There are 2 protein chains.
Amino acid sequence: MQAPLSALSPIEQQKSASERVGEQIRELIASGNLAPGEKLPSENELSRALQVSRPVVREALRGLSMLGLVESRQGGGCYVTDLHVDRLMEPLSFFLRLNEHSLDDLFEARAMIDCGLAKAAAARATEDQKARLLEMAKIGFDLVDDPVGFRVMDAQFHSLISEAAGNAFLNSVAQSFYSLAMDARRRASAMPGVLEQSAKDHDAIVKAIVAGDGRAAAAAMGQHVDNIRLTTLAARNLSEDLADAP
Amino acid sequence: MQAPLSALSPIEQQKSASERVGEQIRELIASGNLAPGEKLPSENELSRALQVSRPVVREALRGLSMLGLVESRQGGGCYVTDLHVDRLMEPLSFFLRLNEHSLDDLFEARAMIDCGLAKAAAARATEDQKARLLEMAKIGFDLVDDPVGFRVMDAQFHSLISEAAGNAFLNSVAQSFYSLAMDARRRASAMPGVLEQSAKDHDAIVKAIVAGDGRAAAAAMGQHVDNIRLTTLAARNLSEDLADAP
DNA sequence: AAACTAAAACTTGTCTTACATGTTGTCAAG
DNA sequence: CTTGACAACATGTAAGACAAGTTTTAGTTT
């Protein structure tokens with residue numbers, strides 16, 4: 001009779017030296033012994049102190065650097081980053097890009113997230129942010145004949161609302177979704193009337209946020225996302241028809 | 001008069017070679033050109049192909065390894081991991097304990113996403129999914145004295161609701177947030193009365209979903225997330241107090 | 001012929017050395 | 001006090017060497 005292999009656990013594989021070094025430094029940061037902005041000892045000092053070679057220390061630091069925990073400047077030393085959530089959030093964006101999803105799902109998700117963001121922004125936006133939003137909404141009407149310029153403004157507009165909502169997690173998700181939808185969006189912004197509608201939508205959203213009316217802001221954002229969805233899908237079908245019968 | 005330094009943007013600092021290499025490989029993984037479980041070329045081949053030295057390749061691979069994207073086995077080569085959520089979120093969850101603010105943000109985000117998921121699940125859940133949800137809600141009451149078993153069931157419960165909602169994007173986001181909160185959650189599930197409350201919450205959520213009542217499902221889920229938030233923060237503060245005055 | 005074994009080839013892990021490139025601090029000249 | 005050059009230092013990159021582990025191959029044995 002064969003023993004049940006599922007019951008066996010793999011041999012405790014000892015981690016490599018660079019991983020152990022990385023964990024030690026990470027622990028120093030997590031425990032607060034290394035504060036944000038603080039300078040780490042030089043690679044030579046670390047290698048002497050930990051009794052490993054410099055490449056080992058370098059690999060560990062490079063790993064922490066990719067995690068967004070430290071930043072190395074050539075000739076200037078290695079520093080702990082500000083440890084803001086946004087900086088550490090990159091794995092989430094990567095994961096969202098990983099699996100392919102349908103456009104319908106994307107718009108449903110955006111509707112949910114962006115409505116929540118608008119609602120939160122209405123409650124928390126600072127006076128400065130409100131002023132910038134008003135400015136952007138006004139500029140939008142001047143850019144209806146400039147698709148490229150409008151898209152740049154549009155990205156800043158949504159980014160500013162995310163920022164005003166003050167939630168790093170939702171902000172990260174919203175940015176990822178926005179950039180995912182951008183590809184499909186590019187074709188739609190060339191269609192007549194689309195940018196005019198978006199400018200009006202932006203105006204309504206900003207008015208609600210400035211007024212501090214969360215429900216109205218969420219409703220206006222929901223309408224906006226739905227308008228975008230319709231025109232984006234229409235543009236996609238149009239280009240597909242062109243591809244089928246050129 | 002001093003010039004406004006805020007108007008200046010830092011010089012475009014070119015990234016180091018190892019970072020560029022790491023990004024290239026990461027793109028290969030994100031785009032699917034390197035599938036999960038697939039073996040990467042050897043370090044020597046990579047260094048020749050990319051025309052950089054082997055240490056550069058090694059540092060890049062070590063960084064990706066810390067991000068959970070690849071795994072190196074001495075003598076055996078370097079392989080793309082399974083890219084499961086938990087693996088990719090692990091480096092993030094480790095730093096959630098840094099500041100309480102991020103935990104608050106995380107729960108706010110979860111409330112938003114999970115409420116939307118519950119609402120969608122109420123509208124779209126199949127009969128089979130409803131039956132499994134009812135089963136889980138019932139089992140939950142039997143597991144109130146088994147924290148480990150309850151957590152396993154809880155993960156399946158939330159995963160099933162995400163699945164029933166039928167939106168791949170929101171599913172990804174919800175899973176990420178769930179695994180992020182797991183670390184902090186573990187301590188809370190040992191507190192008396194917590195699991196009983198969760199079992200009751202689950203029951204209410206399931207009843208609403210089975211009844212097809214989206215509003216009630218969202219409300220019940222909102223209440224559930226809020227309960228979790230309170231107990232998690234309480235458990236966190238408790239362990240902090242113990243650390244301060246042992 | 002099939003299966004086991006041992007050697008060879010290959011791959012990652014670590015160390016050492018060297019030099020290039022950039023930053024920081026010192027110090028003297030203006 | 002500011003400016004500029006210089007020296008000391010830190011990180012970035014390259015190359016070579018050996019250790020330790022795995023995979024493949026070839027050979028031998030049954």
Side-chain angles (χ1 to χ4, degrees), chain A residues 2 5 8-26 28-29 34 37-81, chain B residues 1-3 5 8-26 28-29 34 37-81:
Chain A
Q2 192 168 12
L5 268 66
L8 300 175
S9 63
I11 301 297
E12 179 80 12
Q13 50 195 2
Q14 59 178 10
K15 294 166 184 169
S16 66
S18 48
E19 272 179 61
R20 288 197 301 272
V21 170
E23 276 178 21
Q24 279 206 33
I25 299 177
R26 196 175 64 167
L28 285 179
I29 298 175
L34 277 171
E38 199 167 335
K39 184 180 180 184
L40 273 67
S42 76
E43 295 176 354
N44 279 320
E45 288 180 272
L46 282 175
S47 64
R48 271 196 301 273
L50 298 168
Q51 305 212 329
V52 292
S53 69
R54 191 161 84 102
V56 168
V57 173
R58 280 191 59 77
E59 285 177 17
L61 290 179
R62 179 68 63 192
L64 296 178
S65 161
M66 286 201 178
L67 286 175
L69 298 183
V70 303
E71 255 172 354
S72 290
R73 295 194 281 265
Q74 181 172 0
C78 189
Y79 296 81
V80 180
T81 68
Chain B
M1 171 184 170
Q2 192 168 10
L5 269 67
L8 301 175
S9 62
I11 302 298
E12 178 82 14
Q13 52 193 4
Q14 63 178 12
K15 295 165 185 169
S16 68
S18 48
E19 271 178 61
R20 288 196 302 270
V21 171
E23 277 178 19
Q24 278 205 35
I25 299 177
R26 203 179 52 174
L28 287 179
I29 297 175
L34 276 172
E38 199 166 336
K39 184 179 180 185
L40 273 68
S42 75
E43 295 176 354
N44 278 321
E45 288 180 90
L46 282 175
S47 65
R48 271 196 302 272
L50 298 168
Q51 305 211 329
V52 292
S53 70
R54 205 185 117 192
V56 168
V57 174
R58 279 191 60 75
E59 286 176 14
L61 291 179
R62 178 69 62 193
L64 297 179
S65 161
M66 286 203 176
L67 287 173
L69 297 182
V70 303
E71 256 172 353
S72 290
R73 294 195 284 264
Q74 179 174 118
C78 189
Y79 296 81
V80 180
T81 68

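Here the structure is a predicted model, which is why all the values come from computation and not from measurement. Chain naming here is simple, since letters A, B, ... match the order of the sequence lines and numbering starts at 1 in each.
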Exercise. For D:dG12, does OP1 or OP2 lie under 4.0 Å from any side-chain N or O of A:R58?
Worked result: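 Looking at the OP1 and OP2 atoms of D:dG12, one of them is under 4.0 Å from a side-chain N or O of A:R58.
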For this session: Could you check B:V56 against B:S53 for side-chain contact (heavy atoms from CB on, under 4.5 Å), going step by step and ending with a plain yes or no?
Result: CA-CA 6 Å; B:V56 168; B:S53 70; 3.6 Å; yes
Side chain of [X], heavy atoms from C-beta onward: which of [options] has the nearest atom to it?
{"X": "A:R62", "options": "D:dG12, C:dC15, D:dT11", "result": "D:dG12"}
{"X": "B:S72", "options": "D:dA10, C:dG13, C:dC15", "result": "C:dG13"}
{"X": "A:V52", "options": "D:dG21, C:dC15, D:dT13", "result": "C:dC15"}

Taking [atom1] from [X] and [atom2] from [N], how many angstroms apart are they, rounded to a whole number?
{"X": "B:E43", "N": "D:dA15", "atom1": "CD", "atom2": "P", "value": "15 Å"}
{"X": "B:N44", "N": "D:dT22", "atom1": "CG", "atom2": "C1'", "value": "16 Å"}
{"X": "A:L61", "N": "D:dG12", "atom1": "CG", "atom2": "C1'", "value": "13 Å"}
{"X": "A:E45", "N": "D:dA10", "atom1": "CD", "atom2": "C1'", "value": "10 Å"}
{"X": "A:E59", "N": "C:dC15", "atom1": "CD", "atom2": "P", "value": "10 Å"}
{"X": "A:L50", "N": "C:dT14", "atom1": "CG", "atom2": "P", "value": "13 Å"}
{"X": "A:R20", "N": "C:dG13", "atom1": "CZ", "atom2": "P", "value": "12 Å"}
{"X": "A:R48", "N": "C:dC15", "atom1": "CZ", "atom2": "P", "value": "15 Å"}

For this session: Ignoring hydrogens and angles, answer whether the base of C:dT11 and the side-chain atoms of B:Q74 contain a donor-acceptor pair closer than 3.5 Å.
Result: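 When only heavy-atom distances are counted, B:Q74 does not reach the base of C:dT11 through any donor-acceptor pair under 3.5 Å.
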Problem set entry | No-H, no-angle donor-acceptor pair, A:R54 side chain to D:dG12 base, under 3.5 Å |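 Checked by distance alone, the answer is yes.
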Problem set entry | B:S47 (side chain) donor-acceptor with B:V57 (main chain) under 3.5 angstrom |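 Looks like no, no N/O pair under 3.5 Å.
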For this session: Taking the side chain as every heavy atom from C-beta outward, state whether B:R62 and A:S16 have any pair of such atoms under 4.5 Å apart.
Result: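 Contact flag for B:R62/A:S16 side chains = yes.
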Problem set entry | pair B:E19-B:E59: side-chain heavy atoms closer than 4.5 Å |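 The answer is no; the side chains never approach within 4.5 Å.
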Problem set entry | Closest-nucleotide 5' rank along DNA chain C - winner of A:S18 and A:Y79 |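 Here A:S18 is the residue nearer the 5' end.
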Exercise. Could you give the distance from CG (B:L40) to CG (B:L28), rounded to the nearest 0.5 Å?
Worked result: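 The distance works out to 8.0 Å.
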